[in-house]
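Let me begin by presenting the structure, written as structure tokens, before commenting on it.
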Amino acid sequence: MSDLLTVVDLSIRTAEKELVKNVSFSLPEGARMGLIGESGSGKSLTALAATGLLPPAITASGSVIIGAQEIIGTPDQALNRMRGSDVAVVFQEPLTALDPLMKIGDQIGWPVRRRFRREGQTTNREAVRNEVLSLMEQVRLPEPKLMLNRYPHEISGGQRQRVAIAMAVACRPKLLIADEPTTALDVTTQAEVLKLLDGLVRDYGMSLLFISHDLPVVASIVDDVTVLRLGEVVEQGTTRQVFEAPSNPYSQGLMEAARTFDSYLQDI
Amino acid sequence: MTDATDVAHNPERPKGSWVFRCGLLLVGAHLFIAVLTLFWTPYDPLDLVGLRLEKPSLAHWLGTDRLGRDTLTQIMVGSRIAMIVGIGSVALGAFIGVTIGLLAGFATRVWDDVLAAVLDILIAFPVLLLAMLVVAASPQPSLWTAVLALGIAMSAIVARLTRILVKRVLQNDYITASRCAGTGWVRLVWLHVLPNIWPFLAVNFALQFGMAIIAEASLSYLGLGAPLPNTSWGRLLQEAQGTVYTSPLGAIAPGVALVLLVIGANMFADGLRDIADPTRRNER
């Protein structure tokens, strides 16, 4: 299996500070990897760099290759063709990731239309609408027909994240980057959304880069993990290895904290 | 929902406060009269239908001017110029300003700085002064040079406002999310940026409508506005100046018409802001 995403010596910095230092990892086609670490460890920046969408004040060096396309240093125009078809992102905060003035049906409809055009299919209203409804059913949004005309603030947080997932899946990307997709949700909803992501990734044969600080969540969905701390990779390995026998003191601390928290929960 | 760009999105928008409705009524009444004069006026605005400086009577509700023309008719016809200049110059200023503002908002750092500096210099000039410069540069004053002059003069403010609004909207996650899905720049503007900055621009346009009407009256008063046979409130004021002690109504009446329209436009803008901004909604 060839690698779909290859990150080599990725460094990300602002004028004053280096935020990510020499991060390297690779993700084979169809694989699932977790990127874990505490807040500010550079997880989300790494994900943004992979899509070429870093804010203008932040520069990246090194190499990020998706498919055969080098991302870093490539002009935006060229990357635009790749976005959606090769990679799509689900963001952490589902309320801000949806345009507050656009109906749900249109938010999902635009990526669908773009994919249809890319694949040379007809983009008439009826075809797009049917695909949107089918996507809404796949992400288990209730009453899809009513949902088409709702605005983001009219639906619940869990439903918003389902819409965001539908938008990402609508592109049929080879690689799905999920940037803390469950952090803003309550525990019950978290579990449902995780199950949904798990199923979709399997059904469409997507690769998954899952970013989180929540260890149990990561463990439940990925095969390999990369642990980041202060912008540097401190440990890489299969989920089992890292979770059961972490070699690095920082990962050990992370696992210990998670375990203590678990036992604390069991005591009460 | 702390982000200020999220403001306009509650569908349970109030239908508008009494301020908004008053504003709508005042502007609407002027618009109605302006359209009405295209089909019917009490007298011909340029005919000498009475004696000079007649007092108000049933035949001439607001009296006649120094040549014996009916004052009410002239004021009614004057609202036509006010409306044309107000709407025309705001539309022109919006077109130029929003275009430049979008370019600046999306531009690279250097171009953005250059545009911002140029806009700041333009804004430093009073609108009326800029407008007078444009009129002076044109071969002969007409209704359209006034529209052009005010539109250009006001476009700098629109451009700066648009630039800032665009920059703020572009920082939102949904823009990144949309670009992640492969949305190009043109579609990004059309689908996400313009709808989200529109409520804020609309308030500004309503305010500028009032400003433009005052500015046009000022230009006409100075003899730089729409020339004869157009009837402008500014020119009526200027003509009535000589007889203001003997027949004050000739100066008061166009002044009141002007003030009512501008107050109406401002109330309309104020109400529009309340509708667009839910954080101000409870203040009523």
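These numbers come from a predicted model, not from an experiment.
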Worksheet item: Which distance, rounded to the nearest 0.5 Å, do you find between the CE of A:Met167 and the OG of B:Ser178?
Response: 6.5 Å
Item to complete: Can you establish whether the number of heavy atoms outside A:Glu143 located under 6.0 Å from its atom CD is more than 12?
Response: no
Discussion item. Take a 6.0 Å sphere around CZ of A:Arg172 and say whether it holds more than 12 heavy atoms from other residues, nucleotides or ligands.
Written reply: yes
Worksheet item: Is it true that the side chains of A:Arg83 and B:Thr183 contain a donor and an acceptor less than 3.5 Å apart?
Response: no
Discussion item. Minimum heavy-atom separation for A:Asn80 and B:Arg179, please, with both atom names.
Written reply: OD1-O, 4.2 Å
Worksheet item: So which of A:Leu53, A:Val89, A:Thr51 has the largest heavy-atom pair count under 4.5 angstrom toward chain B?
Response: A:Leu53
Discussion item. More than 12 heavy atoms of other residues, nucleotides or ligands under 6.0 Å from CZ of A:Arg113: yes or no?
Written reply: yes
Discussion item. Just verifying a value: how many Å separate A:Leu98 CG and B:Asn172 CG, rounded to the nearest 0.5 Å?
Written reply: 11.5 Å
Discussion item. Please give me the minimum heavy-atom distance between A:Phe91 and B:Cys180, naming the atom from each residue.
Written reply: CZ-SG, 4.0 Å
Worksheet item: Just wondering, are more than 12 heavy atoms of other shown residues or ligands nearer than 6.0 Å to CZ in B:Phe95?
Response: no
Fill in: Criterion side chain to side chain contact (heavy atoms under 4.5 Å, CB included) on A:Met102 and B:Tyr174, from CA distance to verdict
CA-CA 11 Å; A:Met102 197 186 260; B:Tyr174 59 82; over 6 Å; no
Worksheet item: Checking A:Leu79 against chain B: side chain, backbone, both or neither under 4.5 Å from a heavy atom?
Response: neither
Discussion item. If I compare all heavy atoms of B:Asn196 with all of A:Pro100, which pair ends up nearest, and what's the gap?
Written reply: OD1-CG, 3.7 Å
Discussion item. Is A:Val87 in contact with chain B via its backbone, its side chain, both, or neither, using a 4.5 Å heavy-atom distance?
Written reply: backbone
Worksheet, complete the sentence: Looking only at heavy atoms, the pair that brings A:Ala97 and B:Ala177 closest together is O-CB, 3.7 Å
Practice prompt. Please look at B:Ile175 and chain A and tell me whether the side chain, the backbone, both or neither of the residue comes under 4.5 angstrom of a heavy atom of that chain.
Written response: neither
Worksheet item: Where does B:Arg109 contact chain A at under 4.5 Å (heavy atoms): side chain, backbone, both or neither?
Response: neither
Fill in: B:Thr176 versus A:Leu48, closest heavy-atom pair with distance
CG2-CD2, 4.0 Å
